[in-house]
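Remember, it's 1-based here, ligands and their atoms both numbered in the order they're listed. Position 1 is the first residue of the sequence; numbering continues from there.
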Amino acid sequence: MKYGFIGCGNMGGAVARAVCKGAGAGDVLLANRTPAKAQALADELGCACGTNEQVASICDFIFLGVKPQMMEDMLDVLAPVLESRAESRPFVLVTMAAGLSMHQIRQMAGSGYPIIRMMPNTPVALGAGMIQYCYDDVEPEQLQEWLCAMAPAGQLDEVPENLIDAASAVSGCGPAWVYQFIEALADGGVAAGLPRAKAQEYAAQTVLGSARMVLESGQHPGALKDAVCSPGGSTIQGVRLLEQRAFRGAVTDAVLAAYEKTKELGK
Ligand SMILES: NC(=O)C1=CN([C@@H]2O[C@H](COP(=O)(O)OP(=O)(O)OC[C@H]3O[C@@H](n4cnc5c(N)ncnc54)[C@H](O)[C@@H]3O)[C@@H](O)[C@H]2O)C=CC1
Ligand SMILES: O=C(O)[C@@H]1CCC=N1
């Protein structure tokens, strides 16, 4: 079995979904503390389900999808399993844990195994994720194989490890704040008289289309904003109000608060 997942929650489950597309479900093995959760996802994706020990024993890429605070206890149990196979059947650890460095994961796993550290986000579930990654001691063929398996997850960007925490605070956490914005935009529409379902559709499609404009036009977001604001029109009144309420400063501070907390998780 090539790809194994330990922890199939919101993020591990979304990545497993992508890898089933990229590598084929027949090459994927899922494990979770509550086995029924892994079983339900395995049934849906058409892949296999097993135990942490099985993933650690037989998979070539071992995705670690548990919370950072649970990583040490989880790996403590698996360290002897990893050690006993390392010589005969090498493997790559793949961590997605916020705040934990490759060095820390290796210490917890018991040795300096080849490792990929990635920072995905939940839109990975739809193939629309943003994933930063870095690695150490991984063979070029192994990396290529991993990149192929991960391709259906979304945009992959290699970065030095010292940028992962900052990236996590933008694209790892960012979906939560975008959902808050969509909810608020829809609430405004409902307040102005739109039915809820229409308000939500209009808000979400607006965020999707605006994001595509930024990515595909290459224009600065400020210039794109200016193109919406007619002189003496309605939009600039909303811009004025959001500036009064320190909208952009609040978002920037949210990123920095998340960045500081991410660094704390690694201590
Ligand atoms: N949720 C997100 O948007 C993102 C999460 N991450 C990272 O992904 C990792 C997982 O986070 P989530 O999926 O959000 O958490 P989650 O709580 O949804 O999923 C964690 C899963 O691990 C299972 N688990 C816990 N201990 C276990 C053990 N000893 N053995 C096997 N399974 C075990 C839990 O039952 C649960 O299903 C974390 O390290 C987090 O930092 C990274 C980027 C984004
Ligand atoms: O909130 C968290 O800790 C995780 C890391 C990035 C997104 N969610």
Side-chain angles (χ1 to χ4, degrees), residues 3-19 28-45 48-57 59 62-82 93-102 104-105 108-109 115-126 128-134 150 153-157 159 161 163-180 254-267:
Y3 302 92
F5 289 80
I6 299 177
C8 303
N10 292 311
M11 204 59 256
V15 176
R17 189 176 291 278
V19 169
V28 176
L29 178 62
L30 306 181
N32 198 75
R33 186 181 46 189
T34 316
K37 193 166 172 179
Q39 186 66 61
L41 186 63
D43 289 346
E44 186 195 334
L45 299 178
C49 177
T51 63
N52 289 3
E53 286 73 15
Q54 284 169 326
V55 169
S57 305
C59 291
I62 302 171
F63 287 75
L64 308 172
V66 304
K67 295 280 187 200
Q69 300 85 340
M70 294 171 175
M71 192 65 84
E72 189 161 16
D73 287 349
M74 188 272 282
L75 284 174
D76 201 38
V77 177
L78 296 182
V81 183
L82 296 174
L93 294 175
V94 183
T95 174
M96 61 190 84
L100 297 182
S101 67
M102 293 192 281
Q104 286 171 305
I105 295 286
M108 294 176 194
I115 185 165
I116 298 172
R117 180 178 176 191
M118 68 166 167
M119 183 45 58
N121 63 10
T122 52
V124 157
L126 299 176
M130 182 69 240
I131 308 111
Q132 297 83 12
Y133 67 94
C134 56
M150 285 293 296
Q155 294 290 329
L156 287 138
D157 192 34
V159 295
E161 184 166 29
L163 293 187
I164 292 263
D165 288 347
S168 168
V170 175
S171 54
C173 305
W177 309 322
V178 173
Y179 300 135
Q180 283 183 296
V255 173
L256 288 178
Y259 176 60
E260 292 305 327
K261 182 66 193 182
T262 305
K263 286 196 296 183
E264 253 178 58
L265 288 172
K267 283 181 186 154

Which of the numbered atoms in ligand 2 are under 4.0 angstrom from any heavy atom belonging to Ala98? 5 (C)
What atoms of ligand 2 come within less than 4.0 Å of a heavy atom belonging to Gly172? 6 (C), 7 (C)
Give the minimum heavy-atom separation between Leu265 and Leu100, together with the two atoms involved. O-CD2, 3.8 Å
Taking all non-hydrogen atoms of both residues, which atom of Met102 and which atom of Cys134 are closest, and how far apart? CE-SG, 3.8 Å
Please tabulate, one pair per line, all N/O donor-acceptor pairs under 3.5 Å involving side-chain atoms of residues 169-179, not counting sequence neighbours.
{"unit_1": "Ser171", "atom_1": "OG", "unit_2": "Gln132", "atom_2": "NE2", "d": "2.9"}
{"unit_1": "Ser171", "atom_1": "OG", "unit_2": "Ala167", "atom_2": "O", "d": "3.3"}

If the plane angle is over 60° it's perpendicular, under 30° parallel, otherwise tilted; pick one for Tyr3 and Phe63. tilted
Does a side-chain N-to-carboxylate-O contact under 4.0 Å join Asp73 and Lys67? no
Short N-O contact, Lys267 and Glu264, less than 4.0 angstrom: no
Any protein heavy atom under 4.0 Å from atom 7 (C) of ligand 2? yes
Measuring to protein heavy atoms, does anything land under 4.0 Å from atom 4 (C) of ligand 2? no
Name each N or O atom in ligand 1 that is under 3.5 Å from a protein N or O, and give the partner atom and the distance.
{"unit_1": "ligand 1", "atom_1": "13 (O)", "unit_2": "Asn10", "atom_2": "N", "d": "3.2"}
{"unit_1": "ligand 1", "atom_1": "13 (O)", "unit_2": "Met11", "atom_2": "N", "d": "2.7"}
{"unit_1": "ligand 1", "atom_1": "14 (O)", "unit_2": "Lys67", "atom_2": "NZ", "d": "3.2"}
{"unit_1": "ligand 1", "atom_1": "15 (O)", "unit_2": "Lys67", "atom_2": "NZ", "d": "3.2"}
{"unit_1": "ligand 1", "atom_1": "18 (O)", "unit_2": "Asn10", "atom_2": "N", "d": "2.9"}
{"unit_1": "ligand 1", "atom_1": "18 (O)", "unit_2": "Asn10", "atom_2": "ND2", "d": "3.1"}
{"unit_1": "ligand 1", "atom_1": "30 (N)", "unit_2": "Asn52", "atom_2": "ND2", "d": "2.9"}
{"unit_1": "ligand 1", "atom_1": "32 (N)", "unit_2": "Arg33", "atom_2": "N", "d": "2.9"}
{"unit_1": "ligand 1", "atom_1": "35 (O)", "unit_2": "Asn32", "atom_2": "ND2", "d": "2.9"}
{"unit_1": "ligand 1", "atom_1": "37 (O)", "unit_2": "Asn32", "atom_2": "OD1", "d": "2.8"}
{"unit_1": "ligand 1", "atom_1": "37 (O)", "unit_2": "Asn32", "atom_2": "ND2", "d": "3.3"}
{"unit_1": "ligand 1", "atom_1": "37 (O)", "unit_2": "Lys37", "atom_2": "NZ", "d": "2.8"}
{"unit_1": "ligand 1", "atom_1": "39 (O)", "unit_2": "Val66", "atom_2": "O", "d": "2.7"}
{"unit_1": "ligand 1", "atom_1": "41 (O)", "unit_2": "Ala98", "atom_2": "N", "d": "3.0"}

Side chain to side chain contact (heavy atoms under 4.5 Å, CB included) partner of Arg17, the single match among Leu45, Val124, Val28, Leu126: Leu45
